[in-house]
Amino acid sequence: MTKNAHDIFVVGLRNAHAMEIQARELLERQSGRLDDYPEVKQKITAHLKETNEQLNRLEQCLEACGEGTSTVKDTTQSVMANVTAMLNATAGDEILKNTFANNAFENFEIAAYKSLIALSEPAGMRGTRALLEASLQEEERMAAWIDGNVEKVTLEFVDHERQAA
Ligand SMILES: [Fe+2]
């Protein structure tokens, strides 16, 4: 059975919603464990707030499509399982693994929002575009911050390890 652009858009919105639920879990798990890295903690906490707003926006988009959002929260997206597993590692270099995983996750989110924005017009849902673009900009800002701080966080980790030795 072929799907039209509107159907593809709705599936994409549901997948993005599942993605953001997973993002929220990852950020929540990290935010409680970052006392040694106050700048990272502040960014993660701020992005957690943005993520909740992004979930809200996706729910607004689904409602605009005439779709309910009650079952949306139950969906899972197995494609992110590897990232999650990586975050579960309890190695001493957790801060580094989380930085790499966050970098991957933010770029995954950026691609998902770009795809939804491209679909919004053929789906006949141009009105959702501004909401999706607002979320895309937040993801791009977060991805840029992570990208610009990989080296700094790595050297901070070295410092922490030296002090702990
Ligand atoms: Fe994000």
Side-chain angles (χ1 to χ4, degrees), residues 8-65 67 69 71-89 91 93-120 123 125 127-154 156-157:
I8 294 167
F9 185 59
V10 168
V11 170
L13 288 172
R14 291 192 179 282
N15 285 338
H17 196 278
M19 168 188 82
E20 293 295 359
I21 294 278
Q22 192 142 18
R24 187 171 64 186
E25 284 170 14
L26 300 184
L27 294 168
E28 271 172 355
R29 191 185 306 143
Q30 290 175 45
S31 65
R33 302 165 58 92
L34 282 165
D35 289 338
D36 290 343
Y37 302 87
E39 202 186 335
V40 180
K41 184 175 179 141
Q42 192 261 326
K43 275 283 164 191
I44 293 286
T45 306
H47 196 56
L48 182 53
K49 282 206 190 89
E50 288 178 338
T51 299
N52 280 319
E53 189 51 40
Q54 290 163 5
L55 280 164
N56 232 310
R57 291 188 194 116
L58 288 166
E59 284 161 20
Q60 287 177 54
C61 291
L62 282 162
E63 274 157 24
C65 291
E67 298 288 318
T69 55
T71 58
V72 157
K73 291 182 177 61
D74 302 322
T75 28
T76 55
Q77 203 174 29
S78 60
V79 73
M80 297 312 291
N82 286 335
V83 174
T84 312
M86 204 156 49
L87 289 174
N88 287 339
D93 60 350
E94 185 182 13
I95 182 70
L96 300 185
K97 291 199 174 81
N98 284 344
T99 297
F100 308 157
N102 291 344
N103 184 66
F105 207 106
E106 292 307 325
N107 282 286
F108 184 97
E109 291 179 311
I110 286 167
Y113 282 112
K114 282 183 175 171
S115 173
L116 287 170
I117 289 164
L119 280 165
S120 63
M125 297 301 303
T128 61
R129 195 180 167 111
L131 288 167
L132 297 167
E133 278 175 347
S135 295
L136 174 62
Q137 280 166 21
E138 290 171 354
E139 306 297 23
E140 286 178 334
R141 275 198 298 271
M142 187 63 179
W145 185 84
I146 294 165
D147 183 60
N149 280 270
V150 173
E151 290 93 343
K152 188 179 171 198
V153 168
T154 302
E156 271 179 37
F157 171 63

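Positions are given from 1 along the sequence. Just follow the structure's listing: the first ligand is 1, and inside any ligand the first atom is 1.
Counting just the N/O/S atoms of E106, the one with the shortest distance to the Fe ion (ligand 1) is named OE1. Sorting the N, O or S atoms of E139 by how far they are from the Fe ion (ligand 1) puts OE1 first. Looking at E109, its N, O or S atom nearest to the Fe ion (ligand 1) turns out to be OE1. Distances from the Fe ion (ligand 1) to the N/O/S atoms of H47 are shortest for NE2.
For the side-chain contact (heavy atoms from CB on, under 4.5 Å) test, no residue two or more places apart in sequence or in another chain qualifies with K49.
Of the charged side-chain nitrogens involved, at least one lies within less than 4.0 Å of a carboxylate oxygen, so that R57 and E138 count as a salt-bridged pair.
The ring pair (Phe, Tyr, Trp, His ring centres under 6.0 Å) pairs that include a residue from residues 24-65 are Y37-H160, where partners are two or more places apart or lie in different chains.
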Exercise. For the pair L131 and L58, evaluate side chain to side chain contact (heavy atoms under 4.5 Å, CB included) and give the outcome as yes or no after the intermediate values.
Key: CA-CA 8 Å; L131 288 167; L58 288 166; over 6 Å; no
